[in-house]
2 protein chains.
Amino acid sequence: MRVSKEKAAENRERILKAAARLIRERGISGAGVDALTEAAGMTHGSLYSQFGSKERLAEEALGHALVASGKTTAGAATLDQYISGYLSPEHRDQVGQGCPVAALACEIPRQSTGVRETFTAGLRGMLRQLTGRMGAGLKQRQREEKALATLASLVGALVLARAVNDSELSDAILRATKKRLDT
Amino acid sequence: MRVSKEKAAENRERILKAAARLIRERGISGAGVDALTEAAGMTHGSLYSQFGSKERLAEEALGHALVASGKTTAGAATLDQYISGYLSPEHRDQVGQGCPVAALACEIPRQSTGVRETFTAGLRGMLRQLTGRMGAGLKQRQREEKALATLASLVGALVLARAVNDSELSDAILRATKKRLDT
DNA sequence: ATTATCTATAGATCTATAGATAATGC
DNA sequence: ATTATCTATAGATCTATAGATAATGC
């Protein structure tokens with residue numbers, strides 16, 4: 001049956017929000033059309049009238065997740081706060097609401113051009129936030145360079161801390177990386 | 001039909017070698033039983049007589065890839081050589097023969113216990129190699145700590161360099177991380 | 001007799017489409 | 001009349017198993 005324009009827009013948002021979480025938890029290829037729509041309380045058919053394909057939903061859902069994640073990190077007043085939050089055990093343990101870059105990076109090379117572009121734009125957004133928090137004594141070039149290296153450290157540490165099967169090692173990865181970034 | 005013991009062992013090795021490459025290129029969940037056995041010139045049925053399940057093959061193939069990768073990096077005489085090789089464009093562009101940790105880390109949290117244990121053991125192996133190449137002036141604790149932070153940097157940089165859709169940005173990630181690790 | 005491999009197939013799941021339905025919005 | 005959603009289903013692909021085959025290795 002048909003629903004009102006507002007209701008349809010609301011449904012669209014609900015699928016997007018659920019998808020933004022599910023793709024981080026299960027991966028883009030691991031989150032099926034059924035699971036994505038069911039999590040929003042709808043049947044899989046509605047995905048195709050709203051987004052046309054799973055690929056396009058994935059692209060929008062990734063964008064949604066990147067924006068949400070960016071709003072969270074924007075709250076960090078200093079570089080130290082940014083780093084501490086990113087490398088916290090809480091962030092590690094909440095994949096579905098955490099940084100989409102860390103959650104999805106490994107499978108991005110196999111995704112559509114649209115998804116890869118959205119991902120790259122999101123990564124540039126993170127770099128901008130980091131660059132803006134780098135020491136004022138540095139030139140712009142140096143701040144950008146530091147931001148690149150810092151982002152790689154952050155993402156690598158989070159990804160590894162989530163992957164290992166030993167909580168002590170996982171904590172040690174986060175701690176050592178934080179310490180290294182403090183210098 | 002039946003084959004000789006030696007031939008069977010050889011077939012097993014061939015599947016493992018092909019799988020070690022395929023899981024890095026397509027991900028563990030992305031590499032299907034058909035593709036895995038076909039790449040070794042066999043039908044999918046043989047996988048089940050050799051390994052019992054895809055999960056067990058994945059575990060052994062990951063181990064295989066970790067050993068092969070460890071042999072390559074063992075050739076690096078110094079920390080600087082290790083880092084330069086890891087962050088080289090060649091390594092970035094050869095996922096199927098590169099570091100399995102960087103290729104698979106994001107999906108490891110969703111894998112079986114066996115796969116996660118193999119992954120963690122492989123990561124410890126990398127840490128041992130790195131620790132052994134850390135400055136002699138440091139205490140063992142400090143060397144281990146530096147190795148943890150260095151590994152996170154290396155893996156994060158490679159994963160991001162592969163994911164972004166812009167070759168200049170990709171190169172910049174590798175360069176900035178190398179520079180940061182040189183200090 | 002044992003067993004590595006192949007063939008055929010089961011049963012689940014995946015993405016996608018066609019057509020029906022029913023309420024909206026002109 | 002338009003259209004968001006649902007239902008049913010197509011067609012592909014996934015992991016796994018059963019049974020046949022045929023050569024090994026006792």
Side-chain angles (χ1 to χ4, degrees), chain A residues 1-62 104 107 110-115, chain B residues 1-62 104 107 110-115:
Chain A
M1 65 235 143
R2 193 178 176 191
V3 297
S4 72
K5 258 187 183 175
E6 293 101 73
K7 185 69 184 165
E10 189 192 308
N11 287 344
R12 185 188 174 86
E13 274 304 307
R14 223 175 42 252
I15 295 182
L16 271 176
K17 200 181 165 190
R21 179 173 54 80
L22 271 182
I23 60 173
R24 279 176 281 189
E25 287 176 355
R26 307 186 189 179
I28 290 177
S29 64
V33 166
D34 254 334
L36 290 166
T37 46
E38 202 181 316
M42 310 190 71
T43 60
H44 68 274
S46 64
L47 185 151
Y48 291 92
S49 57
Q50 285 277 14
F51 300 95
S53 68
K54 182 197 166 180
E55 186 181 305
R56 286 242 283 280
L57 165 62
E59 192 180 319
E60 288 205 47
L62 173 58
L104 301 169
E107 65 170 338
R110 297 184 291 271
Q111 299 299 314
S112 69
T113 306
V115 168
Chain B
M1 65 231 144
R2 193 180 177 192
V3 296
S4 72
K5 257 187 184 174
E6 293 102 74
K7 184 70 184 165
E10 190 192 307
N11 287 343
R12 186 189 173 87
E13 273 305 305
R14 222 173 45 251
I15 296 182
L16 271 177
K17 199 180 164 189
R21 179 173 54 82
L22 272 181
I23 61 173
R24 279 177 280 188
E25 286 176 355
R26 309 186 188 177
I28 290 175
S29 64
V33 167
D34 254 334
L36 290 166
T37 45
E38 202 180 315
M42 309 190 71
T43 60
H44 68 274
S46 64
L47 186 151
Y48 292 92
S49 57
Q50 285 278 12
F51 300 95
S53 68
K54 183 196 166 182
E55 186 180 305
R56 287 241 284 280
L57 165 62
E59 191 180 320
E60 287 205 48
L62 173 57
L104 301 170
E107 64 171 338
R110 299 185 289 272
Q111 299 299 314
S112 69
T113 305
V115 168

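A note on names: the letters A, B, ... follow the listed sequences, proteins ahead of strands, and every chain is numbered from 1. All values derive from a computational prediction rather than experimental measurement.
- In this structure, Glu10(A) places its CD atom 15 Å from P of dA4(D), rounding to the nearest Å.
- Arg56(B) has its CZ atom 14 Å from the C1' atom of dA16(D), to the nearest Å.
- Between Thr37(A) atom OG1 and Met42(A) atom CE the span is 8.5 Å, to the nearest 0.5 Å.
- Spacing between atom CD of Glu55(A) and atom C1' of dC14(C) amounts to 15 Å, rounded to whole angstrom units.
- With sequence neighbours excluded, no residue forms a side-chain hydrogen bond (donor to acceptor under 3.5 Å, both in side chains) with Glu38(B).
- Residues that satisfy the side-chain hydrogen bond (donor to acceptor under 3.5 Å, both in side chains) test with Arg14(A), not counting sequence neighbours, are Asn11(A).
- In this structure Glu60(B) satisfies the side-chain hydrogen bond (donor to acceptor under 3.5 Å, both in side chains) test together with Arg12(B), sequence neighbours excluded.
- In this structure, the CG atom of Leu57(B) is 15 Å from the C1' atom of dC14(D), given to the nearest Å.
- One interatomic measurement links the two molecules: CD1 of Ile28(B) to C1' of dC14(D), which rounds to 16 Å at whole-angstrom precision.
- In this structure, Leu47(A) places its CG atom 13 Å from P of dC14(C), rounding to the nearest Å.
- The listed nucleotides are dT15(D), dT15(C), dT5(D); the one nearest the side chain of Tyr48(A) is dT15(C).
- Atom CD1 in Ile15(B) sits about 13 Å away from atom C1' in dC6(C), given to the nearest Å.
- The side-chain hydrogen bond (donor to acceptor under 3.5 Å, both in side chains) test applied to Glu55(A) returns no partner, not counting sequence neighbours.
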Exercise answer: donor-acceptor pairs, residues 16-28 of chain B side-chain atoms, under 3.5 Å, sequence neighbours excluded:
{"from": "Arg21(B)", "atom 1": "NH1", "to": "Glu25(B)", "atom 2": "OE1", "distance (Å)": "3.4"}
{"from": "Arg24(B)", "atom 1": "NE", "to": "Ala20(B)", "atom 2": "O", "distance (Å)": "2.7"}
{"from": "Arg24(B)", "atom 1": "NE", "to": "Gly96(B)", "atom 2": "O", "distance (Å)": "3.0"}
{"from": "Arg24(B)", "atom 1": "NH1", "to": "Gly98(B)", "atom 2": "O", "distance (Å)": "2.7"}
{"from": "Arg24(B)", "atom 1": "NH2", "to": "Ala20(B)", "atom 2": "O", "distance (Å)": "3.3"}
{"from": "Arg24(B)", "atom 1": "NH2", "to": "Gly96(B)", "atom 2": "O", "distance (Å)": "3.2"}

For DNA chain C, please output the secondary structure as dot-bracket, reading 5' to 3'. Pairs are Watson-Crick or G-U wobble, both atom distances under 3.5 Å; mark crossing pairs with [ ], other-strand partners with |, unpaired with a dot. ||||||||||||||||||||||||..

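- Put simply, CG on Leu36(B) and NZ on Lys54(B) are 6.5 Å apart, with the number rounded to the nearest 0.5 Å.
- In this structure, Gln50(B) does not reach the dA4(C) phosphate: none of its side-chain N or O atoms is under 4.0 Å from OP1 or OP2.
- Under a 3.5 Å cut-off, the side chain of Gln50(A) and the backbone N or O of Glu13(A) do not form any donor-acceptor pair.
- Contact between Ile15(B) and Ser46(B) at its shortest, heavy atoms only, is CD1-OG, 4.1 Å.
- Applying the salt bridge (charged side-chain N to carboxylate O under 4.0 Å, His left out) criterion to Lys7(B), with sequence neighbours excluded, gives Glu10(B).
- The stretch residues 32-44 of chain A touches DNA chain C through Gly32(A), Val33(A), His44(A), each having a heavy atom under 4.0 angstrom from the strand.
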For nucleotides 24-26 of chain C, which of its nitrogen or oxygen atoms have a protein nitrogen or oxygen under 3.5 Å away, and what is each distance?
{"from": "dT24(C)", "atom 1": "O2", "to": "Arg2(A)", "atom 2": "NH1", "distance (Å)": "2.3"}
{"from": "dG25(C)", "atom 1": "OP1", "to": "Lys5(A)", "atom 2": "N", "distance (Å)": "3.1"}

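- Summarising the geometry, the separation between CZ on Arg12(A) and C1' on dA4(D) is reported as 12 Å, rounded to the nearest angstrom.
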